[in-house]
Amino acid sequence: MTMAPNRSGGNREIVATLEEIAKLLEAEDANPFRVRAYRRAARVIDGLSESVRDMLARGADLTALPGIGADLAAKIREIAETGASRMLASLRGEVPGGVADLLQVPGLGPKRARLLQHDLGISGLSELVQAAREHRVRQLHGFGARSEQRILEAVQAHVERNRRFDLRIAGETAGTLLRHLHRGAANGAYTVAGSYRRCRDTVGDLDVLATARIPAAVIRAFTSYPDIDQVLSAGTTRASVVLRNGMQVDLRVVRPDSHGAALIYLTGSKAHNLALRLLARSNGLKLNEYGLFRGTTRLAGETEEAVYGALGLTWIPPELREDRGEIAAARRGELPMLVKTADLQGDLHVHSSASDGAADLRTMAREAARYGLHYLAITDHSPRVAVAHGLDAGRLRAQADEIDRVNAEGGGAVLLKGVEVDIGEDGSLDLPDDVLGRLDLVVGAIHSHFDLPADRQTVRILRALDHPHFTILAHPWGRLIGRRDICHFDLERVLRALAQRGSFIEANAQPNRLDLWDIGCQQAKAAGVLVSIASDAHGPADFGNLPLGVGQARRGWLGPSDVLNARPLAEVRTLLRRTM
DNA sequence: GCCGTTTTCGGCCCGACTGTTTTCAGTCG
């Protein structure tokens, strides 16, 4: 499973450096536990909700972090203070450029990559392909014609498949596959586990758990799925395939009495599982995908609750299983009560057909109510977003009158008057203050100039927040998954400013945005800024995306009290007025 | 490289699958 890039604002550079060190050490065939130590440190830094620079500034001791000792603490400090690492520089000199790329090829690990480099002088993917075509690879000890062929296929596939999918595509893909499995092996029970179950913002592959008494029937049904491009492996209890859309699916079959243990194993994360197994081991027990064992005696396995319970833990929601302190919290019985979709009372970022939405106000109000929402902020675009037919002051005034009429009719969610105002390159807003002041809320967002340097981008956003009626900063990072990378700015400074002004930040629930995502939600909570989980709906069906935003909030350990729109309308009105 | 009320050295999660082997190493999740 690969890390998504750019996950945690100020610590990105440290995480990237540590991961590159790990990769180069691995290419050198260094002690695997040493490699693991760097990877673990990268993960720990990645999961921090505070920047290392700030921690050092307040005199924090980095060795207090799990898996970080004196040596790594010094290296991390060096990166934070100088922006560079002498160790990385020297490793780059030692390892021929491109050798580390060999490790990205599925089927090539450190041992065989090193052999290719040492015996054939191969130091890159193109050289690897050439050597395989000339049948020089099969001459090496431990390689054969079959592995030579697989290497060629893998390099090809690697180029095409090295991507992650958004949750809508993952969900649709999983749904179609599960319907096929039910038809082919109807007596099995199926669960999509992995990062999809943990509500990661994107997924690299699908992990499916099947519980069945006759595993062979399930494997047969799985590998005969028509949408398969390639079967990577198929044994008696597990199989891996690549689908035509490029997504890899791993299926695991266990008997019903192992369902809980297997579900934990397959849900991950890897780091969480590792920590659980260490905990088991420290109690003289063994945890695997079949259960929790003392010697050969199974103590638990049928349900997740039983396995966690036998380890002295309360059940841990999948969204928290990242080894970011959830195990210690579960041991103390202090896991937070996480926000649920049912907690959402309203939605504070929605479009109508007045701009680029698909439905009129009445339809949106009615459908929102059907979805269980009590209030809905209509926030169409401002004039500068011309492709979306942005509203000027006159049309906004007319819309306000229409909202009054719809609210008077009743029968749907209460509509609030808002706008999604564009933030200009200089931090100005696209509508005058007096127009914005007549609204219930002002959602501000960036729609252009995503590539400003971080300091200018930060100043731009801070200026926008300074407008007297600014309420909610929407989809702050501006990313579109798979299409547009995040813009760079200092989230911590922005959060401090939002907290001072009594303003809010959005966790946008569109599957191709999910922005903020988990760490950002956690940082908002730490800064004391309430999060608005918003559908950004452009039609009634988009309310169905709200659970995806809730997933990010849950991954950020947010409870109902941390979420602006988990509060009743009267309270939200009071909070909104405070910013006006 | 980290870590320790059994340990400051010698461990470091655990099992499935593949290919090249004749009992297993390498890789993956």
Side-chain angles (χ1 to χ4, degrees), chain A residues 1-2 18 21-22 25-26 28-44 62-76 87 102-116 137-151 153-154 158 193-195 203-209 215 219 223 231-242 248-254 258 261-262 264-293 311 323:
Chain A
M1 239 170 269
T2 51
L18 293 173
I21 289 175
L25 282 174
E26 199 172 34
E28 279 199 329
D29 201 16
N31 178 352
F33 298 105
R34 192 174 165 221
V35 176
R36 183 193 291 176
Y38 280 92
R39 291 242 157 84
R40 174 158 196 227
R43 214 179 53 238
V44 167
L62 295 180
T63 64
L65 295 170
I68 292 176
D71 183 274
L72 272 166
K75 281 172 179 141
I76 290 166
M87 179 182 184
L102 299 183
L103 296 173
Q104 306 306 308
V105 179
L108 284 188
K111 295 281 189 298
R112 305 213 303 170
R114 184 115 182 102
L115 202 64
L116 287 166
V137 171
R138 65 175 66 176
Q139 293 157 9
L140 294 180
H141 180 76
F143 287 83
R146 184 88 186 94
S147 33
E148 199 173 66
Q149 184 59 33
R150 285 198 84 123
I151 283 173
E153 290 169 5
H158 174 65
S195 52
V203 301
D205 59 16
L206 284 178
D207 298 287
V208 180
L209 173 66
I219 298 282
T223 53
V231 177
L232 297 174
S233 70
T236 54
T237 70
R238 66 182 298 166
S240 291
V241 304
V242 178
Q248 181 170 329
V249 185
D250 301 317
L251 177 87
R252 187 66 197 267
V253 196
V254 296
S258 292
I264 290 174
Y265 162 71
L266 216 57
T267 297
S269 66
K270 199 170 182 172
H272 177 84
N273 288 351
L274 200 56
L276 284 184
R277 288 178 175 194
L278 287 170
L279 175 61
R281 173 180 270 266
S282 73
N283 290 322
L285 308 175
K286 183 177 73 170
L287 177 63
N288 58 29
E289 58 266 52
Y290 299 107
L292 180 68
F293 298 87
L311 286 168
D323 193 23

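Convention: sequence-line order gives letters A, B, ...; per-chain numbering from 1. Worth knowing before you read on, the calculation uses all heavy atoms, side chains too, and leaves out hydrogens, waters and symmetry mates.
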Undergrad: Can you name the closest pair of heavy atoms from Leu72(A) and Ala37(A) and give their distance?
TA: CD1-O, 3.9 Å
Undergrad: Partners of Pro106(A) by side chain to side chain contact (heavy atoms under 4.5 Å, CB included), sequence neighbours excluded?
TA: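 Residues passing side chain to side chain contact (heavy atoms under 4.5 Å, CB included) with Pro106(A): Ala154(A), His158(A).
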Undergrad: On DNA chain B, compare the nucleotides closest to Ala70(A) and Gly109(A); which residue's is nearer the 5' end?
TA: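 First, find each residue's nearest nucleotide; the 5'-ward one identifies Ala70(A).
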Undergrad: Could you tell me the separation between the CG atom of Leu279(A) and the P atom of dG4(B), rounded to a whole number of Å?
TA: 14 Å
Undergrad: Using modelled atom types only, decide if a donor and an acceptor are shared between the side chain of Ser258(A) and the backbone of Ala261(A) within a distance under 3.5 Å.
TA: no
Undergrad: For the pair made of CG in Asp207(A) and P in dC28(B), what is the distance, rounded to whole Å?
TA: 15 Å
Undergrad: Rounded to the nearest angstrom, tell me the gap between atom CD in Glu153(A) and atom P in dG19(B).
TA: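 These atoms are roughly 10 Å apart.
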Undergrad: Just call it for Arg112(A): base, sugar-phosphate, or nothing, with non-hydrogen atoms closer than 4.0 Å on any strand.
TA: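 Sugar-phosphate contact only.
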Undergrad: Just call it for Ala193(A): base, sugar-phosphate, or nothing, with non-hydrogen atoms closer than 4.0 Å on any strand.
TA: nothing
Undergrad: Residues in side chain to side chain contact (heavy atoms under 4.5 Å, CB included) with Arg138(A), at least two apart?
TA: His135(A), Ala145(A), Glu148(A)
Undergrad: Give me the distance, rounded to whole Å, that separates dT6(B) from dG19(B) when you measure between the P atoms they each carry.
TA: 46 Å
Undergrad: Quantified in whole Å, what is the C1' atom distance between nucleotide dT7(B) and nucleotide dC12(B)?
TA: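 dT7(B) and dC12(B) have their C1' atoms separated by 13 Å.
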Undergrad: Please list, chain by chain and in numerical order, all residues satisfying side chain to side chain contact (heavy atoms under 4.5 Å, CB included) with Pro66(A), sequence neighbours excluded.
TA: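 Expected list: Arg40(A), Val44(A).
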Undergrad: One character per nucleotide, please: for nucleotides 8-18 of chain B, 5' to 3', B when the base has a protein heavy atom closer than 4.0 Å, S when only the sugar-phosphate does, - otherwise.
TA: ----BBBSSSS
Undergrad: Between Glu28(A) (CD) and dG1(B) (P), how many Å, whole number?
TA: 12 Å
Undergrad: Taking atom P in both dT21(B) and dA16(B), what distance in whole Å separates the two?
TA: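 Pairwise P distance, dT21(B) against dA16(B), rounds to 24 Å.
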Undergrad: Distance between the C1' atoms of dC17(B) and dG4(B), in whole angstroms?
TA: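 So the two C1' atoms sit 36 Å from each other.
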Undergrad: Distance check needed: dG1(B) P versus Leu25(A) CG, whole Å only.
TA: 8 Å
Undergrad: Just to verify, what does Lys111(A) make a salt bridge (Lys or Arg N to Asp or Glu O under 4.0 Å) with, not counting sequence neighbours?
TA: Asp29(A)
Undergrad: How far apart are the closest heavy atoms of Gly268(A) and Asn273(A), and which atoms are they?
TA: CA-ND2, 3.6 Å
Undergrad: Using a heavy-atom cut-off of under 4.0 Å over every strand shown, decide if Val105(A) touches base, sugar-phosphate, or nothing.
TA: sugar-phosphate
Undergrad: How long is the span from the OG1 atom in Thr223(A) to the CG atom in Leu251(A), to the nearest 0.5 Å?
TA: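 If I round to the nearest 0.5 Å, the distance is 9.5 Å.
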Undergrad: Using heavy atoms to find the nearest nucleotide of DNA chain B for Leu72(A) and Ala113(A) separately, return the residue whose nucleotide is more 5′.
TA: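 Upstream on the strand: Leu72(A).
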Undergrad: Sequence neighbours left out, what passes side chain to side chain contact (heavy atoms under 4.5 Å, CB included) with Thr63(A)? Give chain and number order.
TA: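 Per chain and number, Thr63(A) pairs via side chain to side chain contact (heavy atoms under 4.5 Å, CB included) with Asp61(A), Ala73(A).
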Undergrad: Are Ser240(A) and dG29(B) close enough that a side-chain N or O sits under 4.0 Å from OP1 or OP2?
TA: no
Undergrad: Which part of the nucleic acid does Pro32(A) contact within heavy-atom distance under 4.0 Å: base, sugar-phosphate only, or nothing?
TA: nothing
Undergrad: Can you tell me if Gln248(A) touches the phosphate of dG29(B), counting only side-chain N or O atoms and a distance under 4.0 Å to OP1 or OP2?
TA: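 Yes, Gln248(A) has a side-chain N/O under 4.0 Å of OP1/OP2 on dG29(B).
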Undergrad: Can you check the distance between dC28(B) and dC9(B), where both ends of the measurement are the P atom (answer in whole Å)?
TA: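 After rounding to an integer number of Å, I get 35 Å for this pair.
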Undergrad: Give the rounded distance in Å between these two atoms: CD1 of Ile76(A) and C1' of dC2(B).
TA: 12 Å
Undergrad: Between dG1(B) and dT5(B), how many Å separate the two C1' atoms, rounded to a whole number?
TA: 24 Å
Undergrad: Rounding to a whole Å, what distance do you find between Leu18(A):CG and dC2(B):C1'?
TA: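 For the pair Leu18(A) CG and dC2(B) C1', the rounded distance is 14 Å.
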Undergrad: Rounding to an integer number of angstrom, what distance separates dC14(B) and dT20(B) when you compare their C1' atoms?
TA: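 Between the two C1' atoms, the distance is 24 Å.
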Undergrad: Go ahead and name the base partner of dT8(B); Watson-Crick or wobble counts if both distances stay under 3.5 Å, otherwise write none.
TA: none
Undergrad: Looking only at atom P, what distance separates dG10(B) and dG15(B), rounded to whole Å?
TA: 25 Å
Undergrad: In whole Å, I'd like the distance from the CG atom of Asp250(A) to the C1' atom of dT27(B).
TA: 13 Å
Undergrad: Taking any heavy-atom pair under 4.0 Å as a contact, classify Leu266(A): base, sugar-phosphate, or nothing.
TA: nothing
